[in-house]
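This report refers to the structure that appears directly beneath it.
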2 protein chains.
Amino acid sequence: MRAKHITIKDLSRILNVSVSTISRAFNDKSDIRKETRKLVLQKAMELGYRPNPMARNLQKQISKNIGIIVPELIGSFFPLVISGMEEVFSMKGYQMLILSSYESFEKELERIKTLEDSMVDGIIISLSRETKNVDVLNQLIQTGIPLVTFNRTNPDIKAPRIIFDDYKWALLATEHLIIEGCNNIYHFALPFHLSISKRRIEGFKKAMTKYCKHCNDLQIIESGISLEDGRKTMQILIEQSIVPDGIFASSDRLAIGAIQVLKENGYKVPEDCRVMGFSESTLATIIEPQLSTVTQPTKEMGKKTAEMMIRLLESEVALEPETIKLNGKIKVRQSTRV
Amino acid sequence: MRAKHITIKDLSRILNVSVSTISRAFNDKSDIRKETRKLVLQKAMELGYRPNPMARNLQKQISKNIGIIVPELIGSFFPLVISGMEEVFSMKGYQMLILSSYESFEKELERIKTLEDSMVDGIIISLSRETKNVDVLNQLIQTGIPLVTFNRTNPDIKAPRIIFDDYKWALLATEHLIIEGCNNIYHFALPFHLSISKRRIEGFKKAMTKYCKHCNDLQIIESGISLEDGRKTMQILIEQSIVPDGIFASSDRLAIGAIQVLKENGYKVPEDCRVMGFSESTLATIIEPQLSTVTQPTKEMGKKTAEMMIRLLESEVALEPETIKLNGKIKVRQSTRV
DNA sequence: ATTTTTTTCGGAAACGTTACCGAAAATTGG
DNA sequence: CCAATTTTCGGTAACGTTTCCGAAAAAAAT
């Protein structure tokens with residue numbers, strides 16, 4: 001039923017040259033005459049010949065596939081990162097197998113197994129929120145398969161990581177709140193065990209002590225990642241009659257949840273409490289007041305990650321795991337400025 | 001450098017059986033003794049043998065890859081659809097190659113070519129906003145490669161389509177506005193040449209005439225797809241001193257743009273103008289007032305699309321292109337109810 | 001016990017490439 | 001003009017499976 005594909009052998013028969021010369025013509029080998037190459041390529045074009053990638057990959061013992069595991073496909077962040085990866089991988093002739101761990105450690109392991117089975121040339125991963133044990137990843141590296149982590153990563157993994165300079169920008173974000181006049185600032189943090197969370201907490205603390213602001217651990221609350229998590233955290237604070245004059249949330253979704261609850265309880269943003277988000281999302285300009293946040297070069301992160309993978313793939317020797325830190329920008333909107 | 005993979009030949013040597021029996025053991029063939037199968041499988045497990053997919057695919061002349069082309073990866077819609085597809089494809093051992101056309105016709109053609117080159121077993125596509133000519137797709141079908149379209153499709157394509165019952169739900173959405181008391185309703189439409197747009201317009205018209213409401217073509221405005229497009233359309237209306245008492249927007253983003261501009265100009269939603277969106281997005285509950293909209297089983301659409309592809313793949317004979325219409329639900333929030 | 005049937009297996013040829021090893025042809029050097 | 005070199009090419013064996021064909025072994029029938 002399917003139209004038969006023309007192969008290198010067909011070409012060989014038609015052109016009366018050996019299959020090896022045809023292969024040579026397509027692979028820019030040196031030991032072929034320019035005229036014969038032109039002849040072959042021309043005829044190939046004419047007959048619509050396309051090299052069969054499966055055969056080539058079998059012979060070369062590669063798959064030209066890169067496995068990508070992300071915690072989720074919803075939200076704007078990961079799709080945008082992936083979109084950045086696509087740009088560089090498609091240029092280099094690689095294809096992406098995109099899998100979601102759905103924020104579950106168990107599923108994450110499953111996905112890794114799947115990718116191993118399908119013999120991808122490399123694996124790119126951003127950890128699920130549940131992932132604490134990274135032994136499997138390190139075993140993976142042991143077997144020789146290139147691994148790159150991004151955004152949600154873990155210092156114990158002996159692989160390159162591409163991350164935002166969370167420490168620096170958390171510091172600057174907090175500083176922004178302080179300069180705007182906040183004294184009693186709370187930090188809504190991501191799950192503590194995520195390194196991304198730790199780095200932002202450090203930045204927050206540093207800013208607070210730098211300006212001699214009161215800062216104890218009660219002001220740093222492990223909230224989660226969703227909008228609902230942000231709501232809950234805020235609700236608990238209000239029930240305890242605690243209303244900060246500034247909130248630095250570790251994600252836009254947490255920040256928006258906080259704003260919603262503040263407003264529902266009659267507090268005004270930014271007058272009563274200024275709120276700062278992190279990692280720009282499309283939601284930031286929809287909420288009222290519009291959310292100040294730290295924008296991140298999300299697509300850039302995808303590109304850098306993909307480029308790192310290409311480097312691993314093309315290098316003969318094992319590279320020392322490198323950490324690339326990307327810079328953001330503070331986007332001031334109405335939620336922090338009266 | 002890379003750890004050598006154990007092959008069927010290694011197993012053959014170790015177990016002292018032929019390669020064909022091993023292959024038989026793994027493929028549930030009938031002509032093999034239960035004990036030998038068990039023996040083989042056990043040893044394979046022990047040595048961590050995994051069939052090489054490239055070799056298998058070359059032999060079977062398939063790739064176990066499905067190409068997927070979507071207009072964009074940002075926004076919640078397409079990632080969610082893809083997430084639905086993933087569920088069924090990963091069950092069936094297929095992998096997805098996800099490519100984005102970035103809403104560009106030219107890029108779309110490029111992507112199709114890429115997928116042909118990589119010899120995917122089937123192609124799933126949702127058209128870019130620019131796509132009017134679908135000859136390439138029909139040629140593709142001619143060559144025998146299974147094609148399934150979803151959401152943004154085109155009646156000229158001779159392939160199955162999985163769509164929402166846009167006509168019906170546009171009708172019901174408009175009806176909802178009418179029942180809530182609107183008389184002068186405007187429809188912010190997607191680009192007219194998209195069939196999805198046409199169907200919703202028909203639904204809108206039908207509802208208006210059914211209730212004997214005044215409805216001329218000026219009330220149906222080709223707006224675009226983005227939030228910015230929604231803002232522009234609303235702005236133009238207001239500049240003409242036209243303020244409808246109801247707006248049915250063909251996407252949540254258009255609706256939110258409209259709401260923003262209405263509010264900026266001192267109009268109240270829903271008191272002065274009720275606004276109805278279409279195709280639930282995460283933005284709907286962030287905007288104030290929260291947006292009434294037509295929710296769609298987005299993930300379900302992905303599943304159904306993938307299942308249709310599997311059917312094409314597994315069927316020997318060519319199937320008559322079928323159209324599957326999915327139902328939605330009207331979600332009433334504050335933007336349409338006082 | 002011999003023939004017939006069925007079950008179980010091994011050998012070898014595919015699948016479409018690339019890679020290696022020579023050999024023929026063309027070029028150079030003396 | 002012949003030898004030495006270089007360029008260009010063909011033949012063939014991989015890569016790791018599956019599939020087909022036929023043969024051996026086991027079971028059933030006579």
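Fair warning: this is a prediction, and the values are worked out from it, not measured in the lab. Lettering of chains follows the sequences in order, A, B, ..., and the numbering in each one begins at 1.
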Checklist entry - Counting distance only, does the side-chain N/O of B:Ser101 pair as donor-acceptor with the main-chain N or O of B:Lys107 below 3.5 Å? => result no

Next on the checklist: Quick one: does any side-chain atom of A:Glu103 pair with a main-chain N or O of A:Arg129 as donor and acceptor, under 3.5 Å?
Outcome noted: yes

Next on the checklist: Once you apply a heavy-atom cut-off of 4.0 Å, does A:Phe26 come out as touching a base, just sugar-phosphate, or nothing?
Outcome noted: nothing

Next on the checklist: Just to be sure I understand the rule, does B:Pro53 reach a base, reach only the sugar-phosphate, or reach nothing, if contact means heavy atoms closer than 4.0 Å?
Outcome noted: nothing

Please report the distance, rounded to the nearest Å, between [atom1] in [X] and [atom2] in [N].
X       : N      : atom1 : atom2 : value
B:Glu35 : D:dA25 : CD    : P     : 17 Å
A:Ile62 : D:dA14 : CD1   : P     : 21 Å
A:Asp28 : C:dT18 : CG    : P     : 12 Å
A:Ile8  : D:dC15 : CD1   : C1'   : 15 Å
A:Asn57 : C:dT17 : CG    : C1'   : 10 Å
A:Leu11 : C:dT17 : CG    : C1'   : 13 Å
A:Arg50 : C:dT17 : CZ    : C1'   : 17 Å
A:Lys29 : C:dT17 : NZ    : P     : 15 Å

Item to check | Summary of ring-ring contact (aromatic ring centres under 6.0 Å, His included) pairs that have at least one residue in residues 74-95 of chain B, sequence neighbours excluded | outcome: none

Item to check | Within residues 25-70 of chain B or reaching into it, pairs that qualify as ring-ring contact (aromatic ring centres under 6.0 Å, His included) - sequence neighbours excluded | outcome: B:Phe26-B:Tyr49

Item to check | Closest non-hydrogen atom pair, A:Ile22 against A:Val17 | outcome: CG1-CG2, 3.8 Å

Checklist outcome for this item: Sequence neighbours excluded, the answer for salt bridge (Lys or Arg N to Asp or Glu O under 4.0 Å) partners of B:Asp117 is A:Arg50

Item to check | Test: A:Glu86 and A:Lys303 ion pair at under 4.0 Å | outcome: no

Item to check | B:Glu106 CD: over 12 foreign heavy atoms closer than 6.0 Å | outcome: no

Next on the checklist: For a quick check, with a 4.0 angstrom heavy-atom cut-off, what is the B/S/- contact string for nucleotides 6-15 of chain C, read 5' to 3'?
Outcome noted: --BBBB--BB

Next on the checklist: Report for the helix from C:dA1-D:dT30 to C:dG30-D:dC1: angle between first-end and last-end helix axes, five pairs each, rounded to 10 degrees.
Outcome noted: 40°

Checklist entry - Between A:Ser23 and C:dT18, is there a side-chain N or O to OP1/OP2 distance below 4.0 Å? => result yes

Item to check | Residues that A:Lys64 engages under side-chain hydrogen bond (donor to acceptor under 3.5 Å, both in side chains), provided they are two or more places apart | outcome: none

